[in-house]
Amino acid sequence: MNQFQYTRPAETAVAIKSLAKEPNGYFLAGGTNLVDMMKMGLVVPDKLIDINRLPLKKIERTPTGIHIGALASNSEVAEHAYIKAQYPLLALAINAGASPQLRNMATVGGNLMQRTRCPYFFDTAMPCNKRTPGSGCGALQGINRMHALFGASDKCIAVNPSDMNVAMAALDATIHVTGVKGPRAINIGDFHRLPGDHPELDNTLQKGELITSVDLPAASSAYNKHVYYLKIRDRTSYAFALVSVAAALHIENNTITGARLAMGGVAHKPWRLTAAEIFLKGKAITEDNFKQAAQIAMQGAKAYEYNKFKLKLAPNAIVQSLKLATGLAS
Amino acid sequence: MKKDAIGDSLSRVDGRLKVTGGAKYSGEYKVPNLTYGVLVSATIASGTVTALDTRAAERAPGVLAVITPFNAPKVPGYQAGAERPVRGLKLFNDNKIYFNSQPIALVVADTFERATYAACLVKATYNTEPFETDFHKNIDKGVTPQKGNYKDYVRGEANAYKNAPVVVEEEYLLPTEVHNPMELHVTTAFWDGDDKVTLYTKSQGVKGSQRSIAAAFGLNPDNVQINSRFVGGAFGSSLRTWPHEIAAAQAAKLVKRPVKLTLTREQMFTQVGYRPLTIQKIGLGATADGKLIGITHESHSQTAVYEEFTEGAVNVSQFLYNSPNVNTLYKVVPLNVGVPAPMRGPGEATGSFALESALDELSYKLNLDPIELRLRNYTDTDPERNKPWSSKYLKECYQKGAEAIGWADRKAQPGANKEGEWLVGYGIGCGAFGAYRGNAVAKIKLTADGSVNIQSATSDIGPGTGTSMVLIAADTLGIPADKITFELGNSAFPNAPTQGGSATVSSVGSAVHDVCVALKQKLYIMAGKPADSMEPIDYVAVLKQNNMPSVELTQESKGNPEAQKYSMYSFSAHFAKVHVHPLTGQVKIKKIVACVDAGKIVNHKTASSQMIGGAVGGVGMAMTEEAVFDNRYGRYINGNFADYHVPVNADIQQIEAIFIDKPDPVLNPVGTKGIGEISLIGVAPALANAIYNATGKRVRELPITPDKLI
Ligand SMILES: Cc1cc2nc3c(=O)[nH]c(=O)nc-3n(C[C@H](O)[C@H](O)[C@H](O)COP(=O)(O)OP(=O)(O)OC[C@H]3O[C@@H](n4cnc5c(N)ncnc54)[C@H](O)[C@@H]3O)c2cc1C
């Protein structure tokens, strides 16, 4: 780890200015991702701006839903009574991730920003366009078992590793950010990007911008009864998803009146399954309908040498998560 | 039963120290003037390092030295023609690179952080040469090992299985598994003058470490002091002295200050061994009523180009079942990888996965219960050596284990047994491991306050060695356990073998037993009674009568010559009950039962813990662990604890250990046979077989991750 400057401002405006002045600076939140990357030599910052003193920890109800401060810890969010009651999908997804110790440290803002776990990204002795643009993609012809099915490019086939983000996508989160040019709001669907020719960019946050909160709309709290977060992984806890599915349904008279579905571990961003959601609307709760929805969701999937199993595992997981959300399975 | 007797359940004598942080591990000694060493690793898999730019590192704050192949002080034991040559990798002795991540420099600085930072400033220039790490591509380059007895084995006719009425012929793959003890390997070394050195190091054998360090530096072993009182797990990774331990001493000599060298978790994957990737072919032939006619077991394992590693992967097939025809072949494939090391249940764990899986496959072909198949091929004498077993209660293991797992509820037909959506399966896997006994010496001291202290240079890598020794002494002397202390992990203590091969209780336990008997006899004589009298006496009163503050005795204990007449093994039957989800491939291991014949059990509590630990290791082997190479670079892609999956608590539900607990009459006076290895051997096939029973999917390539079950 190199020598770097460290500041810990108490005001948001100071933090933003501080970063704007420093081209090679980083905000430090829980540090569970950033500090690891510094130890591995993936990030060699000149300055760290510790944002933990900023007043961005609050979780509160608003007229339009709920406001979650960017510095609220993953555990605080997952244990928040109102979130558990109205947005249980979010709590389930967060609790499926990492370990209790990590969730106590990790923040909502940091989780949105966490970088891929692609092994080639993590090892400076191997090529990675995301880490070192132009060096090549180690995963494309490499061990790509954990990699993407959707929206990848020949520059990068890495996935976004977050569980929380999958639920955030299904729940239509809005991400509030602020920078020297002032605040703006970004829909979760527009926040993370696909790799395209610039895999070094994970998201559309501009240099110097700070995430201040994530807001969930009141409308999404209608999806609080029939929910499931299914995460398939190589061990029962403390492992990233091979694939995960966030499923939440609104059901009236045994008919699905609305569906929210998103997948993790399959793309460079949390992968909302909009076409499958549309299909499910108005349908009866049957395994057959779930299978059709899964089939729709999988259209356009493309596998690589070692992740072909995901072409089967992903649709199976969609079906199973829907069965679990609706009580067809337990 | 009397109190504190062999067969009790005594809590760990050092348990309080361990849970309160009072137990000091090798990395925790605060030696004055300490400096810190950090290794720099190569990023190519073969060739030479032609230059190392160390200028920036040397100029970095706090740096005392950067040791490289170009400036390293010579290690005598590394030189050609050395009197006591050091085997294996000779770190910094020349500029050759044999495997990716091989250390090429060692930075020493006044703090760990400064050493770590300076290490990343060292820049290497390489001359890269072609390398081979792809096991599958190079399997034809397998050779019969030069050392040890690994010649092809034939009993009766080779490949007789092929002509049998019922035949199984399959290949099984075990990926590379890394020991990954929780405690990192760490060595603190410091010199007293030029010819005396002390090491605090993670070691399974302080006497072995003493000999190796003495050989490396051309010293008298008496001038080498090794301390390794507490070890945070090792599983075989500390059976030998590794190059980084020698490098720590080399650096300490150079900077004339103590050096502490700690491997990183990433370096733990490449510097201290692993269970080698192994492909095994098994051929089984049987009569229609399930009598084995032939067993063929061929195994290929990876080893390093610079050092040969071997283990008994095919051994179990030679004696576990009665078959007139058996042939085995064992080859190693040298690759540009670090050298493997024995890992818990070395060889046998690998071999039994193949053999016991194949046997399960045979049971399906025969339409025979897997336990019944094993009973039909049960052998009351060792068919390999033509000798009687010293003791064998494997039948009892089958029976008790089957009862405990609920074998009666097993349905032979895969998929027939369901709980809700989950498919239910039961499996059995058996194992055996040689029961060994080495020579060991123990020293005992009885003091007039009634306390007893015993010393022996053994280790405790986790099983609770000290606790068992205290119990053996308490039982033999007939005094309470809390009056007795047992000290280990110090090379100045009387000689004991390295802790490995499940032999510690058998070897050191015998020495403790014998020294206690000798002390007792001496006290009886001092009391004017026959040495073998059964009449209780007050030891303290005897000392007082004789006006002695204490009495001391040293006793060596050697194997029983009678033992030559027998074949001696511990045996295990592991049972597993699993639930498998047919859509998602998720597996829940509902229960594991480990039923073992390991002779007399000295301490039930620590023995059960050890069985549970071994079973968890088996779960890792079967379900989660695999170190993955990218052969384009010859580097691991998951050399860290986030991506290399050791089992976690959530993977484990119920594990039950059952002991037959009948003393072996031959091996040693206590009647033990050893449980460290047997606790793991057979677990992986029990799980694989249970998963087949549930799903009808035969997974022959471990680990059994969800993708293999959908
Ligand atoms: C071993 C391990 C296992 C894990 N397993 C899982 C898992 O199973 N599922 C899962 O979802 N996650 C998992 N994680 C990842 C974990 O969730 C993230 O590390 C965590 O969410 C990051 O949050 P943080 O606050 O610690 O971020 P930091 O490490 O502090 O920051 C991460 C990045 O976000 C930036 N950042 C932080 N806050 C802001 C802000 N407010 N505005 C702008 N930028 C910001 C930082 O500059 C940095 O670039 C695991 C992590 C580890 C180490």
Side-chain angles (χ1 to χ4, degrees), chain A residues 1-3 36 39-41 44 98-99 102 117-127 138-139 141-146 161 230-240 242-243 245 287 290-291 294 306-321 323-324 328-330, chain B residues 41-45 60-61 100-101 113-114 116-117 119-121 264 266 420-422 581-589 619-620 623-626 628-653 703-710:
Chain A
M1 210 186 271
N2 61 309
Q3 301 218 8
D36 272 5
K39 286 190 193 163
M40 303 295 293
V44 187
S99 65
L102 282 160
R117 308 302 292 203
C118 174
Y120 299 93
F121 173 74
F122 259 84
D123 184 351
T124 52
M126 307 222 229
Q141 313 289 336
I143 313 286
N144 40 36
R145 180 167 178 270
M146 300 295 288
L230 180 64
K231 182 176 178 183
I232 313 298
R233 45 187 149 176
D234 286 331
R235 65 179 163 194
T236 312
S237 172
Y238 198 37
F240 290 94
L242 295 168
V243 302
V245 185
E287 183 157 350
F290 296 162
K291 281 186 178 153
Y306 291 94
N307 72 346
K308 295 200 170 72
F309 71 93
K310 286 192 184 184
L311 293 173
K312 192 163 176 200
L313 184 60
N316 283 4
I318 295 172
V319 171
Q320 188 61 15
S321 66
K323 285 167 71 181
L324 287 161
L328 285 193
S330 59
Chain B
S41 300
T43 55
I44 64 161
N100 208 320
S101 302
E113 290 75 12
R114 284 171 149 180
T116 303
Y117 173 56
C120 79
L121 300 176
T264 62
E266 288 74 18
E421 288 193 330
W422 295 80
H581 198 279
L583 266 191
T584 62
Q586 291 161 292
V587 177
K588 293 186 199 163
I589 302 170
V619 170
M623 310 301 296
T624 60
E625 295 187 43
E626 174 177 17
V628 181
F629 251 125
D630 184 326
N631 289 315
R632 296 171 304 165
Y633 308 100
R635 280 176 83 81
Y636 284 124
I637 60 154
N638 64 341
N640 61 69
F641 258 178
D643 299 316
Y644 179 93
H645 299 130
V646 296
V648 293
N649 258 323
D651 291 305
I652 307 299
Q653 298 192 19
I704 310 174
T705 43
D707 49 307
K708 295 178 182 164
L709 296 174
I710 53 166

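Residue numbering restarts at 1 for every chain, and letters A, B, ... go by the order of the sequence lines.
- With a threshold of 4.5 angstrom between heavy atoms, A:L313 approaches chain B through its backbone and through its side chain.
- For the pair B:L583 and A:V319, the tightest heavy-atom approach, listed with the atom from each and the gap, is CD1-CG1, 4.1 Å.
- Distance check: A:R145 CZ to B:D707 CG gives 4.5 Å after rounding to the nearest 0.5 Å.
- Closest approach of B:T624 to A:D234, counting heavy atoms only: CG2-O, 3.4 Å.
- Side-chain atoms of B:D651 come within 3.5 Å of backbone N or O of A:T236 as a donor-acceptor pair.
- Ranking B:W422, B:Y117, B:F629 against chain A, the residue ahead of the rest is B:Y117, based on heavy-atom pairs under 4.5 Å.
- Here the closest non-hydrogen pair linking A:F309 and B:I710 is O-CD1, 3.6 Å.
- Of all heavy-atom pairs spanning A:P119 and B:I637, the tightest one is CB-O, 3.2 Å.
- Remark: B:E421 CD to A:L328 CG distance equals 8.5 Å, nearest 0.5 Å.
- Using modelled atom types, one finds no donor on one side chain facing an acceptor on the other under 3.5 Å when comparing A:D123 with B:Y633.
- For B:Q653, the CD atom is densely surrounded, since the number of other residues' heavy atoms within 6.0 Å is greater than 12.
- Among pairs with a residue in residues 306-315 of chain A, none fulfils salt bridge (charged side-chain N to carboxylate O under 4.0 Å, His left out), at least two apart in sequence or across chains.
- Nearest heavy atoms, A:G142 versus B:R632: CA-NH2, 3.2 Å.
- Interface summary for chain A: among B:Q586, B:K588, B:E266, the most heavy-atom pairs under 4.5 angstrom belong to B:Q586.
- If you measure heavy-atom distances from B:E113 to chain A, you find no contacts under 4.5 Å at all.
- Checking side-chain atoms of A:R117 against main-chain N and O of B:D643 turns up no donor-acceptor pair under 3.5 Å.
- Minimum interatomic distance between A:R235 and B:F641 (heavy atoms only, all atoms of both residues): NH2-O, 3.5 Å.
- Between chain A and the options B:T264, B:N638, B:N631, B:V646, the largest number of non-hydrogen pairs under 4.5 Å is found for B:V646.
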